[in-house]
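Below: the structure, in structure tokens.
For reference, positions follow the sequence shown, starting with 1.
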Amino acid sequence: GGERGGGGWGGWCVCFLMIRRPPRSTLFPYTTLFRSGADAAVCINRHNMMVAKAPRVGRPIAWHQDGATWGHDGLLALIVFLSDAHPGNGCLEIIPGLHRRGLLPVKVDQKGFACMDMNHPELAPLANQALPVIAHAGDALFFHALLPHASKANTSEQGRPTLTFA
């Protein structure tokens, strides 16, 4: 079904639309709160998305840095977990601290996606430092646009939806 909070996607879609397009009265205080000077800026609705990670078919996402393809490597992103995330349902994996090295070597995969070249001598040993981001529904994570991240396929019986705002 599509009940809110139920097993279907209807409730999640309503939730996403409410967050993605807040009433103007909600948006104004947010932008005012984060503007602290003439050179401060707020990026609203630049790369907002919902990742569904469907059960049994949610594909793996290769290692990448969002800043490599977003055209702006200084952004912070916020990911909100709409369900529990764990290795069995393809949770996010990160390599902590690696964002400090800047843009890392990339290759373009068969679908035209710019992903990190994990066969590159500089990167191959770093994959062993990857950590899963285990989260509960409602948890949120801020991360730098240059933080390398990936996820494995969702082999579970439950979807793993997330909202990303950047």
Side-chain angles (χ1 to χ4, degrees), residues 12 16 19-22 27 29-54 57-155 159-166:
W12 296 124
F16 178 63
I19 292 171
R20 196 179 110 226
R21 291 193 276 170
L27 186 60
Y30 171 81
T31 58
T32 303
L33 178 66
F34 288 99
R35 288 190 181 205
S36 59
D39 58 352
V42 176
C43 180
I44 298 174
N45 199 25
R46 182 174 173 91
H47 299 287
N48 298 345
M49 65 183 149
M50 179 177 191
V51 176
K53 206 68 155 173
V57 295
R59 66 181 176 86
I61 303 295
W63 284 101
H64 66 284
Q65 295 173 293
D66 292 335
T69 57
W70 285 356
H72 192 305
D73 60 10
L75 290 177
L76 283 180
L78 169 67
I79 185 168
V80 178
F81 299 89
L82 300 179
S83 67
D84 292 349
H86 52 79
N89 65 5
C91 69
L92 186 71
E93 296 181 11
I94 61 169
I95 303 176
L98 201 52
H99 66 286
R100 293 184 189 108
R101 292 196 190 178
L103 288 171
L104 299 169
V106 298
K107 65 177 182 176
V108 177
D109 69 10
Q110 61 272 25
K111 294 184 179 184
F113 183 72
C115 55
M116 292 171 47
D117 183 359
M118 295 310 282
N119 293 319
H120 189 279
E122 178 185 349
L123 299 180
L126 298 174
N128 295 331
Q129 297 175 22
L131 298 176
V133 177
I134 298 170
H136 296 288
D139 287 351
L141 172 71
F142 281 97
F143 64 95
H144 194 280
L146 294 181
L147 180 69
H149 57 286
S151 64
K152 293 184 173 66
N154 181 359
T155 58
R160 187 186 59 76
T162 59
L163 299 175
T164 300
F165 303 92

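Between the N48 side chain and the A166 main chain, a donor and an acceptor come within less than 3.5 Å of each other. With hydrogens and angles disregarded, no donor-acceptor distance shorter than 3.5 Å links the side chain of R160 to the backbone of N154.
The salt bridge (charged side-chain N to carboxylate O under 4.0 Å, His left out) pairs that include a residue from residues 128-143 number zero, where partners must be two or more places apart or lie in different chains. Among pairs with a residue in residues 100-110, those fulfilling salt bridge (charged side-chain N to carboxylate O under 4.0 Å, His left out) read R101-E122, at least two apart in sequence or across chains.
Between K152 atom NZ and C91 atom SG the span is 8.0 Å, to the nearest 0.5 Å. Residue L131 holds its CG atom at 9.0 Å from CD of E93, rounded to the nearest 0.5 Å. Atom CD1 of I94 sits about 5.0 Å away from atom CG of L147, to the nearest 0.5 Å. Rounding to the nearest 0.5 Å places CZ of F142 at 12.0 Å from CD1 of I79.
Under the side-chain hydrogen bond (donor to acceptor under 3.5 Å, both in side chains) rule, H149 has a single partner from Q65, H64, H99, which is H64.
Taking each heavy atom of D117 and L123 in turn, the nearest pair found is O-CD1, 3.3 Å. Residue G90 comes nearest to S151 through the heavy atom pair O-CB, 3.3 Å, listed as atom of the first residue, atom of the second, then distance. Considering every non-hydrogen atom in both P148 and L98, the closest pair reads CG-CD2, 3.6 Å. Shortest non-hydrogen contact noted between K53 and N89 is CG-O, 4.0 Å. Closest approach of A137 to D84, counting heavy atoms only: N-OD1, 2.9 Å. Scanning both residues, F113 and A62, for their nearest heavy atoms gives CE2-O, 4.4 Å.
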>> Walk me through whether F81 and V133 qualify under side chain to side chain contact (heavy atoms under 4.5 Å, CB included).
In response: CA-CA 11 Å; F81 299 89; V133 177; 4.0 Å; yes
> For L92 and L141, what are the C-alpha separation, side-chain angles and deciding distance, and is it a side chain to side chain contact (heavy atoms under 4.5 Å, CB included)?
Replying inline: CA-CA 11 Å; L92 186 71; L141 172 71; 3.9 Å; yes
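P161 is listed as a side-chain neighbour of M50, based on a closest heavy-atom distance under 4.5 Å.
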